[in-house]
Undergrad: 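Sharing a structure with you now.
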Amino acid sequence: GAVVSQHPSWVICKSGTSVKIECRSLDFQATTMFWYRQFPKQSLMLMATSNEGSKATYEQGVEKDKFLINHASLTLSTLTVTSAHPEDSSFYICSAPPRRGSEKLFFGSGTQLSVL
Amino acid sequence: KQEVTQIPAALSVPEGENLVLNCSFTDSAIYNLQWFRQDPGKGLTSLLLIQSSQREQTSGRLNASLDKSSGRSTLYIAASQPGDSATYLCAVRGSNFGNEKLTFGTGTRLTIIP
(Lines give C-alpha, C1' and ligand atoms only; values in the text may rest on other atoms or scores of the structure.)
Protein backbone atom coordinates (compact mmCIF):
# COMPACT_ATOMS: atom_id res chain seq x y z
CA GLY A 1 0.00 0.00 0.00
CA ALA A 2 0.88 3.64 -0.24
CA VAL A 3 3.39 4.92 2.25
CA VAL A 4 3.93 8.37 3.68
CA SER A 5 7.31 8.81 5.31
CA GLN A 6 7.48 11.51 7.98
CA HIS A 7 10.65 12.81 9.60
CA PRO A 8 11.76 13.44 12.22
CA SER A 9 9.82 11.20 14.59
CA TRP A 10 10.59 13.45 17.49
CA VAL A 11 12.43 16.67 18.05
CA ILE A 12 13.37 18.72 21.08
CA CYS A 13 14.31 22.32 20.52
CA LYS A 14 14.88 25.55 22.37
CA SER A 15 12.26 28.25 22.38
CA GLY A 16 12.70 30.63 19.45
CA THR A 17 14.18 28.15 17.02
CA SER A 18 12.51 26.85 13.87
CA VAL A 19 11.74 23.23 13.19
CA LYS A 20 11.07 21.63 9.81
CA ILE A 21 8.99 18.50 9.45
CA GLU A 22 9.03 16.56 6.18
CA CYS A 23 6.49 14.24 4.68
CA ARG A 24 7.30 12.24 1.58
CA SER A 25 5.00 10.04 -0.43
CA LEU A 26 7.12 7.04 -1.35
CA ASP A 27 5.13 5.25 -4.01
CA PHE A 28 2.50 7.70 -5.17
CA GLN A 29 2.16 11.33 -6.10
CA ALA A 30 0.64 13.36 -3.32
CA THR A 31 -1.09 16.28 -4.96
CA THR A 32 -2.66 17.12 -1.62
CA MET A 33 -1.24 16.88 1.89
CA PHE A 34 -3.16 17.45 5.09
CA TRP A 35 -1.34 18.61 8.21
CA TYR A 36 -2.79 17.83 11.63
CA ARG A 37 -1.68 18.42 15.20
CA GLN A 38 -2.75 16.64 18.32
CA PHE A 39 -2.35 17.99 21.83
CA PRO A 40 -2.32 15.47 24.70
CA LYS A 41 -5.69 13.82 25.23
CA GLN A 42 -7.25 15.84 22.44
CA SER A 43 -8.42 15.11 18.91
CA LEU A 44 -6.35 15.45 15.81
CA MET A 45 -7.07 18.91 14.48
CA LEU A 46 -6.57 19.87 10.86
CA MET A 47 -4.14 22.76 10.59
CA ALA A 48 -3.83 23.24 6.88
CA THR A 49 -4.19 21.67 3.48
CA SER A 50 -1.36 21.96 0.99
CA ASN A 51 -1.65 21.45 -2.72
CA GLU A 52 1.33 20.92 -4.97
CA GLY A 53 2.35 24.10 -6.67
CA SER A 54 -0.04 26.41 -4.87
CA LYS A 55 -0.45 28.13 -1.54
CA ALA A 56 -1.68 26.17 1.42
CA THR A 57 -5.12 26.67 2.88
CA TYR A 58 -5.07 27.23 6.63
CA GLU A 59 -7.83 26.45 9.10
CA GLN A 60 -9.27 29.19 11.21
CA GLY A 61 -7.00 30.12 14.08
CA VAL A 62 -3.82 28.69 12.55
CA GLU A 63 -1.18 31.33 11.88
CA LYS A 64 0.14 30.92 8.36
CA ASP A 65 3.25 32.96 9.10
CA LYS A 66 4.11 30.72 12.01
CA PHE A 67 3.40 27.40 10.34
CA LEU A 68 4.98 27.58 6.92
CA ILE A 69 3.95 24.91 4.49
CA ASN A 70 5.77 24.12 1.28
CA HIS A 71 4.53 21.61 -1.26
CA ALA A 72 6.90 22.21 -4.14
CA SER A 73 6.86 18.70 -5.52
CA LEU A 74 4.42 15.84 -5.88
CA THR A 75 6.32 13.74 -3.36
CA LEU A 76 7.35 16.20 -0.68
CA SER A 77 5.50 18.54 1.64
CA THR A 78 7.14 20.33 4.56
CA LEU A 79 5.83 22.08 7.64
CA THR A 80 8.11 24.57 9.35
CA VAL A 81 7.24 25.76 12.82
CA THR A 82 8.92 29.15 13.02
CA SER A 83 10.09 30.67 16.29
CA ALA A 84 8.71 27.73 18.22
CA HIS A 85 7.43 28.25 21.74
CA PRO A 86 6.47 25.75 24.46
CA GLU A 87 2.79 26.06 23.53
CA ASP A 88 3.66 24.68 20.08
CA SER A 89 4.70 21.41 21.68
CA SER A 90 2.42 18.85 20.11
CA PHE A 91 2.18 15.78 17.90
CA TYR A 92 2.18 16.78 14.24
CA ILE A 93 1.08 14.34 11.57
CA CYS A 94 0.57 14.52 7.84
CA SER A 95 -1.71 12.56 5.57
CA ALA A 96 -2.35 12.29 1.87
CA PRO A 97 -4.85 10.58 -0.41
CA PRO A 98 -3.18 8.12 -2.79
CA ARG A 99 -4.84 9.82 -5.74
CA ARG A 100 -7.06 12.80 -6.41
CA GLY A 101 -10.58 12.21 -5.20
CA SER A 102 -9.72 9.12 -3.16
CA GLU A 103 -11.54 8.75 0.13
CA LYS A 104 -8.63 6.89 1.66
CA LEU A 105 -5.90 8.70 3.49
CA PHE A 106 -2.42 7.47 4.28
CA PHE A 107 -0.79 8.93 7.34
CA GLY A 108 2.78 9.63 8.23
CA SER A 109 4.12 8.26 11.50
CA GLY A 110 3.93 11.65 13.19
CA THR A 111 6.41 14.01 14.79
CA GLN A 112 6.44 14.70 18.51
CA LEU A 113 7.69 18.25 19.01
CA SER A 114 8.84 19.40 22.42
CA VAL A 115 9.85 23.03 22.80
CA LEU A 116 11.83 23.86 25.92
CA LYS B 1 -19.55 22.84 13.85
CA GLN B 2 -19.12 19.08 13.86
CA GLU B 3 -18.10 17.52 17.16
CA VAL B 4 -17.10 13.89 17.54
CA THR B 5 -17.09 12.16 20.90
CA GLN B 6 -15.76 8.76 21.81
CA ILE B 7 -16.70 6.87 24.93
CA PRO B 8 -15.04 5.42 26.87
CA ALA B 9 -11.73 7.26 26.79
CA ALA B 10 -9.98 4.10 27.97
CA LEU B 11 -10.94 0.46 28.16
CA SER B 12 -9.21 -2.65 29.48
CA VAL B 13 -10.56 -6.12 28.79
CA PRO B 14 -9.20 -9.66 29.12
CA GLU B 15 -7.98 -11.38 26.02
CA GLY B 16 -10.65 -13.26 24.11
CA GLU B 17 -13.55 -11.01 25.03
CA ASN B 18 -15.69 -9.22 22.51
CA LEU B 19 -15.94 -5.46 22.92
CA VAL B 20 -17.65 -2.39 21.52
CA LEU B 21 -16.26 1.09 21.08
CA ASN B 22 -18.62 4.00 20.66
CA CYS B 23 -18.49 7.14 18.56
CA SER B 24 -21.06 9.91 18.33
CA PHE B 25 -21.22 12.99 16.14
CA THR B 26 -23.39 16.08 16.30
CA ASP B 27 -23.99 16.84 12.61
CA SER B 28 -25.60 13.99 10.71
CA ALA B 29 -24.74 15.53 7.33
CA ILE B 30 -21.70 13.36 6.81
CA TYR B 31 -20.15 11.88 3.70
CA ASN B 32 -18.53 8.95 5.44
CA LEU B 33 -17.16 7.75 8.74
CA GLN B 34 -13.86 6.02 9.30
CA TRP B 35 -12.32 4.09 12.13
CA PHE B 36 -8.57 4.31 12.59
CA ARG B 37 -6.04 2.65 14.80
CA GLN B 38 -3.17 4.66 16.28
CA ASP B 39 -0.20 2.91 17.83
CA PRO B 40 2.17 4.84 20.13
CA GLY B 41 4.79 6.71 18.15
CA LYS B 42 3.27 5.62 14.89
CA GLY B 43 0.83 6.96 12.37
CA LEU B 44 -2.79 6.12 11.84
CA THR B 45 -3.98 3.00 10.09
CA SER B 46 -7.39 3.01 8.47
CA LEU B 47 -9.50 0.09 9.64
CA LEU B 48 -12.94 0.57 8.15
CA LEU B 49 -14.72 3.20 6.09
CA ILE B 50 -18.50 3.42 6.02
CA GLN B 51 -20.25 5.52 3.43
CA SER B 52 -23.20 7.61 4.61
CA SER B 53 -25.57 5.31 2.70
CA GLN B 54 -24.24 2.18 4.39
CA ARG B 55 -25.11 0.73 7.75
CA GLU B 56 -22.08 -1.43 8.43
CA GLN B 57 -18.75 -2.67 7.20
CA THR B 58 -16.81 -5.75 8.21
CA SER B 59 -13.16 -6.67 8.03
CA GLY B 60 -12.01 -9.82 9.75
CA ARG B 61 -12.78 -9.56 13.46
CA LEU B 62 -13.89 -5.95 13.11
CA ASN B 63 -17.39 -4.75 12.41
CA ALA B 64 -18.37 -1.10 12.25
CA SER B 65 -21.93 0.12 12.21
CA LEU B 66 -23.36 3.51 11.35
CA ASP B 67 -26.65 5.09 12.36
CA LYS B 68 -26.41 8.43 10.64
CA SER B 69 -29.77 9.74 11.81
CA SER B 70 -28.86 9.30 15.44
CA GLY B 71 -25.26 10.36 14.93
CA ARG B 72 -23.71 7.16 16.19
CA SER B 73 -21.22 4.53 15.15
CA THR B 74 -19.84 1.50 16.92
CA LEU B 75 -16.75 -0.58 16.34
CA TYR B 76 -17.15 -4.18 17.40
CA ILE B 77 -14.02 -6.23 17.96
CA ALA B 78 -14.51 -9.96 18.29
CA ALA B 79 -12.24 -12.33 20.19
CA SER B 80 -9.85 -9.60 21.27
CA GLN B 81 -6.10 -10.20 21.18
CA PRO B 82 -3.19 -8.42 22.90
CA GLY B 83 -2.17 -7.09 19.49
CA ASP B 84 -5.42 -5.15 19.38
CA SER B 85 -4.11 -2.85 22.10
CA ALA B 86 -3.97 0.64 20.62
CA THR B 87 -5.91 3.88 20.48
CA TYR B 88 -8.94 3.75 18.22
CA LEU B 89 -10.14 6.92 16.54
CA CYS B 90 -13.28 7.58 14.61
CA ALA B 91 -13.48 10.41 12.12
CA VAL B 92 -16.29 11.83 10.06
CA ARG B 93 -16.06 13.60 6.73
CA GLY B 94 -18.54 16.37 6.11
CA SER B 95 -20.76 16.22 3.07
CA ASN B 96 -21.39 19.90 2.59
CA PHE B 97 -19.33 21.68 -0.02
CA GLY B 98 -16.34 23.25 1.67
CA ASN B 99 -16.62 20.88 4.61
CA GLU B 100 -14.84 17.85 3.29
CA LYS B 101 -12.26 17.71 6.02
CA LEU B 102 -12.09 14.92 8.57
CA THR B 103 -13.18 15.65 12.12
CA PHE B 104 -11.64 13.25 14.61
CA GLY B 105 -12.83 12.07 17.98
CA THR B 106 -10.50 12.02 20.98
CA GLY B 107 -10.10 8.28 20.77
CA THR B 108 -10.49 5.24 23.00
CA ARG B 109 -7.30 3.76 24.40
CA LEU B 110 -7.81 0.01 24.39
CA THR B 111 -5.72 -2.41 26.43
CA ILE B 112 -6.16 -6.14 26.00
CA ILE B 113 -4.95 -8.03 29.04
CA PRO B 114 -3.23 -11.35 28.22
Side-chain angles (χ1 to χ4, degrees), chain A residues 1-11 21-26 30-51 56-62 90-98 100-114, chain B residues 1-11 21-27 30-54 57 59 64 66 86-95 97-109:
Chain A
V3 175
V4 175
S5 176
Q6 183 172 348
H7 294 280
S9 298
W10 57 271
V11 58
I21 301 170
E22 293 188 349
C23 278
R24 295 180 183 273
S25 55
L26 298 185
T31 56
T32 301
M33 189 74 75
F34 299 101
W35 287 93
Y36 294 84
R37 66 181 168 186
Q38 183 181 32
F39 293 107
K41 298 185 179 180
Q42 295 188 24
S43 304
L44 274 78
M45 297 296 293
L46 181 65
M47 298 175 63
T49 303
S50 70
N51 294 292
T57 303
Y58 290 80
E59 295 299 305
Q60 192 173 11
V62 178
S90 183
F91 183 72
Y92 294 85
I93 192 166
C94 60
S95 71
R100 194 182 298 274
S102 173
E103 294 173 337
K104 284 192 173 183
L105 286 175
F106 292 99
F107 285 79
S109 55
T111 298
Q112 183 64 54
L113 171 63
S114 296
Chain B
K1 177 186 175 184
Q2 180 74 270
E3 293 183 2
V4 182
T5 304
Q6 290 185 248
I7 295 174
L11 180 66
L21 307 180
N22 297 293
C23 172
S24 61
F25 47 95
T26 55
D27 186 349
I30 65 169
Y31 186 71
N32 60 40
L33 181 145
Q34 296 187 61
W35 282 93
F36 294 89
R37 170 185 173 136
Q38 184 177 26
D39 292 285
K42 297 184 178 180
L44 276 66
T45 301
S46 179
L47 298 174
L48 290 164
L49 184 153
I50 310 177
Q51 300 290 356
S52 62
S53 59
Q54 298 175 322
Q57 281 287 331
S59 176
L66 174 64
T87 295
Y88 290 81
L89 299 168
C90 70
V92 297
R93 179 179 169 185
S95 62
F97 180 77
N99 190 30
E100 297 90 350
K101 68 180 182 183
L102 288 180
T103 302
F104 284 86
T106 51
T108 294
R109 189 172 68 253

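Remember, predicted model here, so these are calculated numbers, not experimental data. Note: hydrogens, waters and symmetry copies are ignored here, and every other heavy atom, side chains too, is used.
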Undergrad: In terms of heavy-atom proximity below 4.5 Å to chain B, should Ile93(A) be classed as side chain, backbone, both, or neither?
TA: side chain
Undergrad: How long is the straight-line distance from CD of Gln6(B) back to OG of Ser43(A), given to the nearest 0.5 Å?
TA: 7.5 Å
Undergrad: By number, which residues in residues 30-40 of chain A have some heavy atom less than 4.5 Å away from chain B?
TA: Tyr36(A), Gln38(A)
Undergrad: Give, as side chain, backbone, both or neither, the part of Gln34(B) having an atom under 4.5 angstrom from any heavy atom of chain A.
TA: side chain
Undergrad: Report which part of Leu49(B) has an atom under 4.5 Å of a heavy atom belonging to chain A: side chain, backbone, both, or neither.
TA: side chain
Undergrad: Could you look at Gln42(A) and say if it's the side chain, the backbone, both or neither that has a heavy atom under 4.5 Å from chain B?
TA: backbone
Undergrad: List for me each residue that meets salt bridge (charged side-chain N to carboxylate O under 4.0 Å, His left out) alongside Arg24(A), sequence neighbours excluded, and say none if there are none.
TA: Glu22(A)
Undergrad: Gln38(B) and Leu44(A): which non-hydrogen atoms are nearest, and at how many Å?
TA: OE1-CD1, 4.5 Å
